[in-house]
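Since the structure comes first, as structure tokens, the remarks are kept for the end.
One is the number of the first residue; the rest follow in order along the sequence. Atom set for the values below is all heavy atoms of this structure, side chains included, hydrogens, waters and symmetry mates excluded.
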Amino acid sequence: MRKTMVLTVCCVLSMAVGDLLADAEQDFQTLFGQEYKRVALLRNARASATLASQMMETVGSVENRPDLDILLWTHIADLGAKDPSGFAVATESLKQLLQKAPDASPKWLEKLTAVYRRQYAMTARTDRAELGDQQAAELITIGDEQLKAERGPNALATYRKALSIAILSKSDRRTDIVAKIRDANAQAAKQREILRMTKAVAADPDNVKMRAAVVKYYMFELDNPVKAATFLNDDLDEQLRTYVRLAVKDTDDLDADTSMGLGRWYWEMYPTARTINAKVAILGRTRTYLNRFLALHTETDLARVRAELILKKVTVESVKLGSAGLGASKKPGVIADFESPRLTGWVFTGTAFGKGPCDGKVDIAAPASGFEGKGMVSSCHGGDTSVGTLTSPKFTIRGKSITFLVAGGQWGGRSEARVGMDLLVEGKSVRSVTGHTSNNLRHAGWDVSGLVGKSAQIRIVDTDPGSWGHIHIDQIAQHPETLDTVIKPVEKKTGKADPKKKWKSKKDKGKSGTRDKRDKKG
């Protein structure tokens, strides 16, 4: 009896496995074959788009079947692209395919941009600039994800498509896209080099020299200790093995002595760096570990003096790299001007920032002034009592300064609640600004000369439900020049900047609530 039951269960399992391994096309025909044929016979674009929407509702229920999943998304894209009513479905499906089937990225990208072109052509001329800017932003987000996944060639193709759309629509994103193309080109070259080196190690595992070169390339050129650690063995130098394994750990888990050791080791490696990228990575790691040491080691002794001295040298070298052109833009680069009604790629929490940019009259009782163009962002949606955050996509710091327009409440540290804007590097705030208890936006900025080449984000924060618990921000941009040469004075009457004048005096810097967290303090 037991044997019979076992055989029965085995038969059922075999049938289930057989079903799972069934041909994806046959499964598709079972699910949608009749409707698909009916729509094909009708040759009705609207009917095709309707079927695409119906299929979109089903695709999420397909689990553990990547082959069927991809086939469904492919058909949804093809059907949706036939009619304007299905464009949104088609673009979403093609974005899914770019993630789920990256090996076929050129095909999906070509189809996506074809849909974009049709949308653009069918849009009223007065709305084309806004649509083109939105489409370019969406492609930038896709390219950023591809670059993060170390698919440099795919990201390069995506950025080039974004640039063509930005040029057509005269989008202000053109400068930023050109910089991203440069990054994608550099990453593609790195990927080719590391592939050559890892193949050499695979062919000759006992080649200690090549293995060490791979470890160092991952550590310094690619700033990836986790991957570097996978190539370690007992034949390599003990010091290299020790510090690579320590660098894998989260910085917050390191004690003072370990942080000091890692910081000094990275600094000792700096003269061996052959490329600017490697130098930037080493300086960044040195700064991170020594700042961690200073945060834990509060005694004023020789060790602390040594760490502070190295950090000063790191700052000097960072400035040199920036002035030497480390990815530094030669023109101002707009990070966000808030002229589009949508903030593609930005992450909202809470309700304070509404659904995106506003016209400054979000709070009728206290309207904002001094912003540029038609839009700005404000945490006044719902009044002072509303709270939330707004975080930008990642971007690369390419200039010596970042400027913006700011107004709103001035956080004085009276509680944990606050209003302000932060510059995040590696998820931590390195610069911040608050308002000045006024709704008239003023120019302010940060010196970021020591952070050139770093990946960063902007985070606008409102966690203060009390009086003046709001912030207004507009026109965030980075510049190749130093802060004191680009910030302009604020006219008392109009709140507008006079482009012919420079900042009046060094004493005026920071009057809008800017708090510059120097690298020495983390």
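- Asp422 and Ser429 make their closest contact through OD1-OG, 3.5 Å (heavy atoms, listed as atom of the first residue, atom of the second, distance).
- Side-chain contact between Leu139 and Gln135 is absent, with no heavy atoms from C-beta onward closer than 4.5 Å.
- Checked against a 6.0 Å centroid threshold, the rings of His381 and Phe353 do not count as neighbours.
- You'll find the side chain of Lys161 stays beyond 4.5 Å of the side chain of Tyr116, heavy atoms only.
- Leu390 has its side chain out of reach of Arg459: every pair of non-hydrogen atoms, C-beta onward, lies at least 4.5 Å apart.
- Separation of the Phe28 and His75 ring centroids falls under the 6.0 Å cut-off.
- For the residue pair His470 and Asp462, no side-chain donor N or O sits within less than 3.5 Å of a side-chain acceptor on the partner.
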Could you walk me through whether Arg285 and Asp223 pass salt bridge (charged side-chain N to carboxylate O under 4.0 Å, His left out), step by step? CA-CA 9 Å; Arg285 290 273 179 173; Asp223 195 21; 2.8 Å; yes
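- Looking at heavy atoms from C-beta onward, Leu451 lies in side-chain contact with Arg431 at the 4.5 angstrom threshold.
- A ring-centre distance under 6.0 Å is found for Phe404 and Trp446.
- Under the 4.5 Å side-chain criterion, counting only non-hydrogen atoms from C-beta, Asp144 is in contact with Tyr159.
- The residues Glu193 and Arg196 are annotated as salt-bridged, a charged nitrogen and a carboxylate oxygen being separated by less than 4.0 angstrom.
- Side-chain atoms of Asp474 and Glu372, non-hydrogen and from C-beta on, do get closer than 4.5 Å to each other.
- Salt bridge present: Asp133 and Arg173 bring a charged side-chain N and a carboxylate O closer than 4.0 Å.
- Between Lys95 and Glu138 a salt bridge is recorded (basic side-chain N to carboxylate O distance below 4.0 Å).
- A 4.5 Å side-chain heavy-atom check between Gln99 and Glu145 finds at least one atom pair inside the cut-off.
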Could you go step by step and tell me if Asp83 and Arg46 meet the salt bridge (charged side-chain N to carboxylate O under 4.0 Å, His left out) rule? CA-CA 6 Å; Asp83 188 80; Arg46 180 63 66 93; 3.1 Å; yes
